[in-house]
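This report refers to the structure that appears directly beneath it.
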Amino acid sequence: MEYNSQEIEKKWQKYWLDHKTFHTGIDPAKPKFYVLDMFPYPSGAGLHVGHPLGYIASDIFSRFKRLKGFNVLHPMGYDAYGLPAEQYAIQTGTHPAITTEKNVARYREQMDKIGFSYDWDREVKTCDPKYYKWTQWTFIRLYNHWYDLKSGKARPVAELTEIFNSSGNADVRAAMTPNWFHELSKKDVSFGAGWKGIFIASDWAGFSEKQQQEILMNYRLAYLSEAMVNWCPELGTVLANDEVANGYSVRGNHPVERKMMRQWFLRITAYAQRLLDGLESVEWSDSLKDQQKYWIGRSQGAEIHFPIQGSELKLNIFTTRPDTIFGSTFMVLSPEHEYIEKITPADQLENVRKYVKEVANRSERERMAEVKKISGVFTGAYCLNPFNGKPSPIWVADYVLAGYGTGAIMAVPAHDSRDYDFAKHFKLPITEVVSGGDISESSYDAKDGIMINSEFINGLNVKAAIRAVITKVNEMGIGKGMVNFRLRDAIFSRQRYWGEPFPVYFKDGIPYMLNDNELPLELPSVDAYLPTETGEPPLARAKNWITKEGYPLETNTMPGFAGSSGYYLRYMDPLNPTEYFSKEAVNYWQNVDLYIGGDEHATGHLIYSRFWNKFLFDIGLAVREEPFQKLVNQGKIQGRSSLVYRLKGSNTFVSFGLKDQYEHSVMHVDVSLVNNDILDTQEFRRWRPDLADATFILEDGTYVCGYAVEKMSKSLYNVVNPDELIEHYGADTFRLYEMFLGPLEQSKPWDTNGIEGVFRFIRKFWRLYHDEENRFRLSDEAATAAELRILHKTIKKIQEDTERLSLNTAVSTFMICVNELGELKCSKRAILEDLLILISSFAPHLAEELWQACGHNESITQAIFPAFNEAYLVENTFKYPVSFNGKMRFTMELPADMPSAEIEKAVLEAEESAKWLEGKTPKKIIVVNRKIVNIVL
RNA sequence: GCCCCGGUGGUGGAACUGGUAGACACGCAGGACUUAAAAUCCUGUGGCUUCACGGCUGUGCGGGUUCAAGUCCCGCCCGGGGUACCA
């Protein structure tokens, strides 16, 4: 039988489906292994050749682990909420669920053609109410928990109110927004002037329901708050920090503004330290871990209070360099700082307000674009150094951010480049306090040197000085050591339609959670997918968007990362109607052993889901602190565009090699019209009406195209679709070729030309099992030593390479193996059956077909990975490379077990050695057994 | 600016712990089979040099360590990604 990929692949894909070959259940007798792909957003364009790269790798790994005796959980689903379907709905009125369903079906069809071993019975879709019920359920738990810093974990709010009832909040140490009580004083609940957020049991009992709820809101892990948010007018919604880049939305690239809005937040900052610590225990790339570390941005320093001249107020600043306190020559407040109004003398007030207003009106993008532009204003007020009472002026400047630390700094121009630039610009004094730099040139920021001009810390090195100042500050009660994080709480509200509804209603303006038995709260239908005339989110259009009792429901929806934060847990028990997932399931599957996906999720999904998991861990649901033990980021597949060269002002195209002789412009041409860089000129003329009369200047009778490696995109005509390749070469060839392209983690250009080599290999492989007339034929003769050596060499290499996901070299290994067996004309069952098991993870359809032809009734997925036997690889001789002064000159075959002294002798006596020795006596001879001989002259 | 990752033939890449650089493919050139084409098979293929045997040279650049460096160390250059007033 001739190799026919179409027939074979259809047959086995159907077989796997009919026999539920990849259905997985809990099996205590087998060790578990959980292999997960980042589930895709099903876009309308379908999969291109870059998408399946990671899926193929994870599929090979899953199949390999099954052969190795593991019970493998390998599910797939869809991150089904997303902006494109909603934008399409706005334009066309088509419900996003319909668009999404259509796209999901297309994705499924494409994935099925590649022959993946997913357990489709476990499929989850984030937009499915049966799934998002648990997203809502988790949100309710987040709302009903607070973070206890003493025990370092989330605890129920019910326990918090008990504490308040019995002893107030003085002893409670909770993760909260700094100065949370300031915000409260702005609301319609009053706690009296100068209230510092501290209350005793009797106060608590006396608070109104509203007051109590407002206070509790500041403790909850999911909370409602007024805050500066990233507002994207074009998308009509708020975005999280990771959804914004350089002042534009990551999706759609629309401008983003800052706006004060009331939004739901997740208190992810409570987990900042644990998110940092957890990175130590996972096997992720350094670059990914660094990205997360940087995003979390821990910095250790001190908070110090500076008295303000002529005022009762003390200015609270944060610094990582308390050692430089005597070099602080001015103070800077962020333009949003609450003290500005309080400390600015009347004669300066107008000027300062003008500046603050100016800054506030500037958009985020303008601010970013003008980073280098120094601006600020002097308030007219002065601070006193808490140690020596020396006054320094207080400025307001936008280079100090309200959201970080205390929103105020002590400026040390000699040792901070930003302060330095600012001081130079406004001609403020610069005092050197750490020796080692030249402050007339630039600031000296290094934490290296001896303190000078610094009173009690003079002569200490920087580290000792930092400790000394913190100790003193503590003693004097004017501050304390402190850790700050860059990480911000996650904005969790979106003013969009296509997302999970919040299980929240409002009574008297206070939010309340629905009961668990009212979940899921399903997404209502609306007459249009746009905000209302009054600017409310689309859900405000829904009829009867109220509870049974008539209270209005929340009209925001959850963001994209809500549904993806816990999906890996739901896969463990996806059909469970009464629980997120059962204890039994999570105890068995634990966490993801191998997670493969793109690194664009470094600071989004991968932080949120670690947080989500840690919370579920705290409340006793998840059993592991880290959800993803090993994580691999597959590289992107870049497009390889084909280029043609058009003579200026004509319809004549010049071939690549001759283009420099003419004045030309470069034009992208559809890659489907090009084969091995040779343009099909006939097809080219047919491609577009304006090219019908194109003429060509050829070289050697052909038109050679140039090429460029760039993003795979429709507009560059370089998109390659897997369906066509699979139709032509088959899924097995396609799978192998995707892996053969290069290392999984590396980005690389797609070049369809190379696929021929793999296709040739597949047919060569097929021929090993067939005679000249293409009849299946295996011999039952005993295998020779040479054949066994080839087989076991291959077993060893495939096993090692697959374990470390070096799948490109694994494919090469198969090629070498088949070349060698082909040379020996090997057709022995004893060799070829094992080879089928080896390749079955990579080319599963081919393997199944030949396995069946071998006479097996069961799927090859039931086979056991062949055991490697070292004994077959033992060689009697070793071919030593012989070097003189490190340069390899000739090789010499010697007995493998020959002792070094004898090797030395044999090499020196060799005929070829005389030429290189030139009669000299070697100074030294290095013999490394079974490696090399090096003679030093 | 800072932090990661990378730089090897015409191309994709291999060389895992320092030990024969360029495996395996693509492409190209030549040949076999064929009326012809496709398919298949064989040979060659880093550069320079030599009729040839062979020699010299070669992993972004400059130094270093070592018997031995693509691999380790120091200093640069280039490309890709992340991040950006975070005190």
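So you know, we letter chains A, B, ... as the sequences are listed, proteins then strands, and number each from 1.
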Is the [X]-[Y] ring centre distance short of 6.0 angstrom?
X: A/Tyr737; Y: A/Trp750; value: yes
X: A/Phe422; Y: A/Tyr420; value: no
X: A/Tyr729; Y: A/Phe734; value: no

Please measure how far the [atom1] atom in [N] lies from the corresponding atom in [M], and state the result in whole Å.
N: B/G58; M: B/A69; atom1: C1'; value: 14 Å
N: B/G55; M: B/C67; atom1: C1'; value: 23 Å
N: B/C33; M: B/A37; atom1: C1'; value: 13 Å
N: B/G70; M: B/G18; atom1: P; value: 13 Å
N: B/C42; M: B/C77; atom1: C1'; value: 45 Å
N: B/G81; M: B/G10; atom1: P; value: 25 Å
N: B/U65; M: B/U71; atom1: C1'; value: 14 Å
N: B/A23; M: B/A14; atom1: C1'; value: 5 Å

When you measure from the side-chain N and O atoms of [X] to the phosphate of [N], is any distance below 4.0 Å, counting only OP1 and OP2?
X: A/Tyr294; N: B/C3; value: no
X: A/Ser299; N: B/A87; value: yes
X: A/Arg486; N: B/C85; value: no
X: A/Lys887; N: B/C67; value: no
X: A/Gln746; N: B/G13; value: yes
X: A/Lys748; N: B/G12; value: no
X: A/Asn808; N: B/A14; value: yes
X: A/Arg763; N: B/U40; value: yes

May I ask you to say what [X] touches in the nucleic acid, namely base, sugar-phosphate or nothing, with a heavy-atom cut-off under 4.0 Å?
X: A/Phe318; answer: base
X: A/Lys636; answer: nothing
X: A/Asp419; answer: nothing
X: A/Ser812; answer: base
X: A/Ile926; answer: base
X: A/Arg889; answer: sugar-phosphate
X: A/Ile409; answer: base
X: A/Phe740; answer: base
X: A/Val936; answer: sugar-phosphate
X: A/Trp284; answer: nothing
X: A/Lys293; answer: nothing

**OP:** Could you give me the CA-CA distance, side-chain angles and deciding distance for A/Lys636 and A/Glu600, then say whether side-chain contact (heavy atoms from CB on, under 4.5 Å) is met?
**Re:** CA-CA 10 Å; A/Lys636 291 189 184 36; A/Glu600 64 273 20; 4.1 Å; yes
Original post:
Taking 4.0 angstrom as the limit, do A/Glu875 and A/Arg789 come out as a salt bridge?
Top reply: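 Yes.
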Subject >> Among A/Leu275, A/Thr177, A/Asp489, the one residue meeting side-chain contact (heavy atoms from CB on, under 4.5 Å) with A/Thr269 >> reply: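 Of the listed residues A/Leu275, A/Thr177, A/Asp489, the side-chain contact (heavy atoms from CB on, under 4.5 Å) partner of A/Thr269 is A/Asp489.
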Subject >> Given RNA chain B, 5'-ward residue of the pair A/Arg767 and A/Arg760, judged by closest heavy atom >> reply: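 Here A/Arg760 is the residue nearer the 5' end.
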**OP:** Select from A/Asn753 and A/Thr891 the residue whose nearest nucleotide in RNA chain B is closer to the 5' end of that strand.
**Re:**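 Its nucleotide being nearer the 5' end, the pick is A/Thr891.
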Subject >> A/Pro749 side chain, from C-beta outward: closest of B/C16, B/G12, B/U20 >> reply: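 Closest nucleotide among those given: B/G12.
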Subject >> Interatomic spacing from CG in A/Leu333 to CH2 in A/Trp395 - rounded to 0.5 Å >> reply: 12.5 Å
Original post:
B/C41 P sits how many Å from A/Glu772 CD, rounded?
Top reply: 13 Å
Original post:
Just how far, in rounded Å, is P of B/G10 from CG of A/Asp751?
Top reply: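 Value for this atom pair: 17 Å.
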**OP:** Based on the glycosidic angle (syn within 90° of 0, else anti), state the conformation of B/G44.
**Re:**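 B/G44: anti glycosidic orientation.
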Original post:
Any donor-acceptor pair under 3.5 Å joining the side chain of A/Asp290 to the base of B/C4?
Top reply: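 Check fails, no donor-acceptor contact within cut-off.
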